Amino acid sequence: MTNSAARPENWLRVTPAGLYCEPGDFYIDPARPVPRAVITHGHGDHARPGNEHVLATPETVAIMRQRYGELAGGTLQATRYGEPVALNGVSVCLVPAGHVLGSAQLVIEYKGVRIVVSGDYKRRPDPTCPRFEPQSCDLFITEATFALPVFRHPPDRHEIDKLLHSLHLYPERCQLVGVYALGKCQRVVALLRAAGYDAPVYMHGALLGLTELYQSLGIDLGDVRLATGVARDELKGKIVLAPPMALADRWTRRLPDPVIALASGWMRVKQRAKARGIELPLVISDHADWDELTQTLDEVGAAEIWVTHGREEALVHYATQRGRAARALQLTGFDEEEE
Ligand SMILES: [Zn+2]
Ligand SMILES: [Zn+2]
């Protein structure tokens, strides 16, 4: 008998519910409720409610419980980084992906074949989560959110300095920064602290729950406060964080002449910033940029590359040029705006 496991597509398949590992009988970040799910991280397009059994890191389990309550899943099994779990004879090990707190790559081993499903990831250090650990493997499955050579994210410190500069320039205004509730919000606060900013950071009510969860999980973010109910004058010369959707809300009318900022990898595209009325675009991304993606493909050394959600073509082309077998997976249901 030939080793049919040597061909990953014989046992790891794209289905309407998402990537499915047949011998292990589990789905990865399924788009609809399934009996067994392995979840890479807590963003809503990866961690959905209603699965019967969930395997994820303790932090991702905590995030899912906070977001979904009882609906988070029938049973939630927390497994730490680096501790392999056997699922029907398939070994699954979670290792850091550097994307948000609790984010993991899946290292799947079956009959001597090693597959890494990266989930979402970035390579630069993030004070709110452990750093991405490259794993050698036979097949590497990568995201491609910013997979075009035009996407090169500047150093975080550069962007944080732009925000602090604007703060000093306009002492009578506040800086209103759009941030996604999970990951970006807490990272921006942590980067501000690392840059020496120790004043209270104010936030929209929709951001406070996950921020407090991060703090309870040991991420030090200093003095963070609810912006609601704070006197207008008190917010002059302060930083206020809000979900991107709330930047144009009635809610902002209470703020002292806000400078509207948005922290996102998409802010690299000037037309996007302009179209959204962003005065201060901050290119801070939780996804790998082009250099980080290509560096990762080179480091993991996989002979085969599958590319999911984003700009697949350029990365497939890059890998093919390097002598890898590469293809785009037609996976749907992932939201790029989450970034
Ligand atoms: Zn994500
Ligand atoms: Zn994603």
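Atoms within each ligand, like the ligands themselves, are counted from 1 in listed order. Quick caveat, the model's predicted, so the values are computed rather than measured. Just the heavy atoms: all of them, side chains too, but no hydrogens, waters or symmetry mates, feed the values below.
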For residues 246-263, which side-chain donor-acceptor pairs fall under 3.5 Å, sequence neighbours excluded?
unit_1: T252; atom_1: OG1; unit_2: D249; atom_2: O; d: 2.9
unit_1: D257; atom_1: OD2; unit_2: R173; atom_2: NE; d: 3.2

Shortest-distance N, O or S atom of H43 relative to the Zn ion (ligand 1): ND1
SB check D286 R187 (cutoff 4.0 Å): yes
Of all N/O/S atoms in D120, the name of the one nearest the Zn ion (ligand 1): OD2
Quiz: residues 81-91 side-chain donor-acceptor pairs under 3.5 angstrom, not counting sequence neighbours:
unit_1: Y81; atom_1: OH; unit_2: S103; atom_2: O; d: 2.8
unit_1: N88; atom_1: ND2; unit_2: G24; atom_2: O; d: 3.3

Basic-acidic side-chain contact under 4.0 Å: D289, R124: yes
Metal-centred angle, the Zn ion (ligand 1) as apex - NE2 of H41, NE2 of H99, 10° resolution: 100°
